[in-house]
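Before any comments, here is the structure.
Below, all heavy atoms of this structure are taken into account, side chains as well, without hydrogens, waters or symmetry copies. Fair warning: this is a prediction, and the values are worked out from it, not measured in the lab.
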Amino acid sequence: MKNFTIYLYLLFFSGGFIYGQSFEGGSGTEADPWQVATPAQLNLLRNYLAVYMEESHIDKHFVLVNDIDLSSYLAEGGEGYAMWGDAGWLPIGNWTSHFQGSFDGKGFSIKGLKINRPDEEHVGLFRVIDKNTIKNIHIVDMDVLGKDKVGGLVGLIYFNGAYIENSSAKGVISGGTVGLLVGENQGTIERSYSEGTVSATSTYGGGLVGTNNYGNIFNSHSSATVNGVGSGTMGGLVGYNQNGIINYCYATGNVSGAGHVGGLIGYSWRGQIDFCFTSGDVTSTSTYCGGISGDAYTAIISNSYALGIVKAPTDLNGQFTGGIFGNTSNESTITKTYATGKITGSSSNTGGITGCNYLNSQLSYSYWDKVTTTQTKAVGAEFDTSTSTELIDLPTASMKGSGAATNMSFLDFTTIWETVEASDPDATADGYPILRGISRTAQLKAQNLLAKYNLSLTASPEAGGAVFGGGLVDAGDKVTLSATAATGYQFVSWTDATDNILSTEATYIYTMPASDVSLTANFDILTSLNDKEATIIQVWPNPFEAEILISGGTDIKQVTLVTLLGETIFKTDYSVSNIQTSHLSPGVYILKIEDNDGRISSYTLIKK
């Protein structure tokens with residue numbers, strides 16, 4: 001136990017330099033990054049940490065080359081467990097030694113991240129990053145617990161130009177200032193998302209980010225459920241937005257708490273929100289509750305909308321509830337927004353747009369559905385010199401379909417908004433207006449209007465194997481297709497109705513278009529010259545690029561390579577070990593091998 005304690009001390013306070021291990025390949029440069037393929041190699045990143053306020057290893061580059069599963073590594077008996085025990089993964093870096101290298105996940109995932117450090121701050125796969133880029137990495141099946149600034153990928157993105165792009169986090173996470181992806185963001189997050197459950201034990205909780213502190217979040221979203229335990233500031237995307245900019249984002253999960261609670265942001269303090277929407281239900285048992293943000297202080301919101309239910313106590317003094325903001329103060333601005341979800345709160349401090357408007361705040365050019373929200377006024381209470389201009393209540397029918405462009409004329413339907421009509425190929429009925437800069441699929445799904453299309457799968461030949469994953473699918477959904485070859489067959493490729501090759505992998509993720517689709521899993525008979533030759537003849541690689549290699553077989557008379565149209569590409573009357581193919585166009589080819597008895601074996605090969 002003494003040695004174990006000393007090791008942990010050195011690992012935590014020195015950055016944990018690991019000796020005697022190496023990466024899968026590479027040299028650490030941008031052109032030739034170090035390759036990370038195993039949990040032990042991922043652990044090596046802690047060898048390259050910077051000293052506080054200095055640049056160190058900023059020129060180092062790392063890349064994932066496959067999915068990594070940390071489950072057994074962190075379980076009892078695993079190498080990680082031997083180092084850290086039940087506390088789970090030790091976050092890379094610390095407050096004085098940040099990770100500054102660039103890390104590209106190449107679309108691969110890190111599965112089974114387990115962290116159980118309830119007394120530690122800056123908790124995540126990485127503790128603190130700055131001056132670097134982390135991109136294309138997906139954390140899945142994670143279970144993370146920390147004290148403060150807790151995120152699945154990063155605890156704290158420091159302000160020195162750090163950037164996260166095209167990354168995600170899925171699982172459960174708990175702590176204070178907590179988000180599934182990042183605990184606190186002082187940099188930039190773009191094209192990233194989260195799924196799962198956030199339990200905020202104090203302060204701030206967000207589906208994606210706990211606190212956005214002078215940070216930027218663009219083109220990102222969360223479907224997480226966010227629960228605040230006790231008082232605190234909870235948001236579907238961000239808990240607390242301090243001087244941060246959030247554009248083209250959305251949150252669809254339910255949010256609850258006892259403090260400032262909002263569908264997108266719990267509390268926006270001097271922050272700016274543009275081109276965003278929410279659809280989850282928002283519930284506060286205490287003070288401020290809003291469809292977009294629970295509270296706004298010198299904040300700006302424009303061209304955004306909220307669809308979810310907003311619910312707060314009806315008999316609580318000082319409670320403010322609104323379709324967009326619960327409370328709007330200190331020169332805040334709301335313009336060109338709308339709300340549709342049912343709103344429940346104190347009768348004197350509840351409105352279709354905001355529960356309270358005061359200290360020179362300005363509300364303008366916005367709408368609320370007077371039927372579905374059940375609200376008769378835009379603002380619950382208004383004080384001082386605050387103003388409300390052109391806040392319009394409309395019946396549901398006037399806000400849906402083609403008529404919305406006329407009835408909601410303060411919205412720009414030329415470049416920013418668009419109507420949703422039953423005649424649209426991907427919509428099942430007229431809907432509320434949606435934003436042009438955000439996924440149309442996500443917005444239609446939020447209104448339960450997204451049309452489903454038939455994904456038909458067949459096996460060719462029918463006896464070749466079985467296919468899985470077809471059925472009625474939402475447009476834009478990613479569907480995992482799988483093909484299992486029958487005995488005596490091998491899988492070759494997935495093709496569409498025009499015989500375009502979509503994938504040569506038996507398990508394939510397909511993005512559903514807004515139309516019915518027929519896909520075919522192609523199989524080929526496993527043939528051989530005879531039982532003896534079947535054990536020794538090998539043809540590889542498949543798919544191939546520069547050459548086809550042939551080994552084994554002592555009774556080969558002729559080798560022929562032809563196209564699917566029968567055009568002969570290569571032919572020889574003797575055995576060969578390789579066929580040069582770099583000059584061939586991508587496509588499907590047939591390799592035929594004939595023995596001295598005239599028997600022919602065929603191999604279907606794919607040229608990349």
Side-chain angles (χ1 to χ4, degrees), residues 248-252 263-264 273-282 290-292 301-310 322-325 333-344 350-354 362-379 388-453 474-476 514-515:
Y248 295 103
C249 293
Y250 62 92
T252 59
L264 191 77
I273 307 165
D274 299 299
F275 317 112
C276 296
F277 85 89
T278 66
S279 62
D281 295 342
V282 183
I292 296 287
I301 181 170
S302 69
N303 291 298
S304 299
Y305 67 94
L307 302 172
I309 294 171
V310 181
I324 301 298
F325 282 170
T333 300
I334 298 177
T335 186
K336 298 179 180 178
T337 64
Y338 76 80
T340 68
K342 183 178 180 180
I343 305 169
T344 305
T350 298
I353 302 297
T354 185
Q362 299 178 7
L363 312 181
S364 62
Y365 310 121
S366 294
Y367 306 85
W368 79 99
D369 187 323
K370 64 181 181 181
V371 177
T372 57
T373 64
T374 70
Q375 295 302 306
T376 59
K377 55 185 179 180
V379 181
S388 299
T389 305
E390 299 291 354
L391 304 181
I392 302 172
D393 61 333
L394 292 172
T396 305
S398 296
M399 296 178 68
K400 290 187 173 183
S402 60
T406 301
N407 302 322
M408 305 172 73
S409 59
F410 292 124
L411 306 184
D412 180 355
F413 282 91
T414 302
T415 59
I416 298 175
W417 297 84
E418 64 179 319
T419 60
V420 175
E421 303 172 32
S423 59
D424 296 338
D426 55 353
T428 58
D430 286 348
Y432 294 106
I434 61 176
L435 292 161
R436 293 180 182 270
I438 300 179
S439 165
R440 179 179 172 89
T441 296
Q443 293 181 89
L444 292 183
K445 187 177 291 187
Q447 297 189 45
N448 295 315
L449 295 177
L450 189 64
K452 292 183 179 292
Y453 297 94
D474 290 339
S515 62

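- Trp368 contributes no side-chain N or O that, together with a main-chain N or O of Gly323, makes up a donor-acceptor pair within less than 3.5 Å.
- Aromatic ring pairs are classed by plane angle as parallel below 30°, tilted from 30° to 60° and perpendicular above 60°; the pair Tyr338 and Trp417 is tilted.
- Of all the heavy atoms in Gln375 and Ile343, the pair that sits closest is NE2-O, 2.9 Å.
- Among pairs with a residue in residues 362-377, none fulfils salt bridge (Lys or Arg N to Asp or Glu O under 4.0 Å), at least two apart in sequence or across chains.
- Note on residues 425-442: pairs passing salt bridge (Lys or Arg N to Asp or Glu O under 4.0 Å), not counting sequence neighbours, are Glu418-Arg440, Asp424-Arg440, Asp426-Arg440.
- With sequence neighbours left out, Ser398 forms a side-chain hydrogen bond (donor to acceptor under 3.5 Å, both in side chains) with no residue at all.
- Under the rule for a side-chain hydrogen bond (donor to acceptor under 3.5 Å, both in side chains), the partners of Thr415 that lie at least two apart in sequence or sit in another chain are Asp412.
- Listed for the Thr278 side chain is no donor-acceptor partner under 3.5 Å among the backbone atoms of Leu264.
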Using a 3.5 Å cut-off and no angle test, enumerate the donor-acceptor pairs between side-chain atoms of residues 443-452 and protein atoms at least two apart in sequence or in another chain.
unit_1, atom_1, unit_2, atom_2, d
Gln443, OE1, Tyr305, OH, 2.8
Gln443, OE1, Leu435, N, 2.8
Gln443, NE2, Leu435, O, 2.8
Gln443, NE2, Ile438, O, 3.1
Gln443, NE2, Ser439, O, 3.4
Lys445, NZ, Asp477, OD1, 2.7
Gln447, OE1, Tyr432, N, 2.8
Gln447, NE2, Tyr432, O, 3.2
Lys452, NZ, Asp474, OD1, 2.9

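- Here the shortest heavy-atom pairing between Pro433 and Met399 reads CD-O, 3.2 Å.
- When every heavy atom of Ser388 is checked against every heavy atom of Val379, the shortest pair comes out as OG-CG2, 3.6 Å.
- Under the 3.5 Å distance criterion, the side-chain polar atoms of Asp281 are matched with a main-chain donor or acceptor of Ile309.
- For Tyr453, the ring-ring contact (aromatic ring centres under 6.0 Å, His included) criterion is met by no residue, not counting sequence neighbours.
- Residues that satisfy the side-chain hydrogen bond (donor to acceptor under 3.5 Å, both in side chains) test with Ser366, not counting sequence neighbours, are Thr337.
- Remark: Tyr250 OH to Ser304 OG distance equals 14.5 Å, nearest 0.5 Å.
- One distance of note links CG of Asn303 with OH of Tyr365; it measures 13.5 Å at 0.5 Å rounding.
- Scanning both residues, Tyr367 and Ile353, for their nearest heavy atoms gives O-CD1, 3.5 Å.
- The 12-atom threshold is exceeded at CZ of Phe413, counting heavy atoms of other residues, nucleotides or ligands nearer than 6.0 Å.
- From Leu363, atom CG reaches atom OG1 of Thr335 across 9.5 Å, with rounding to the nearest 0.5 Å.
- To the nearest 0.5 Å, the span separating CD1 on Ile334 from CD1 on Ile301 amounts to 6.5 Å.
- Shown here are the side-chain contact (heavy atoms from CB on, under 4.5 Å) partners of Ala339, two or more places apart in sequence or in another chain: Ile324.
- Shown here are the side-chain hydrogen bond (donor to acceptor under 3.5 Å, both in side chains) partners of Ser302, two or more places apart in sequence or in another chain: Asp274.
- Residues forming a side-chain contact (heavy atoms from CB on, under 4.5 Å) with Ser402 (at least two apart in sequence, or on another chain): Glu421.
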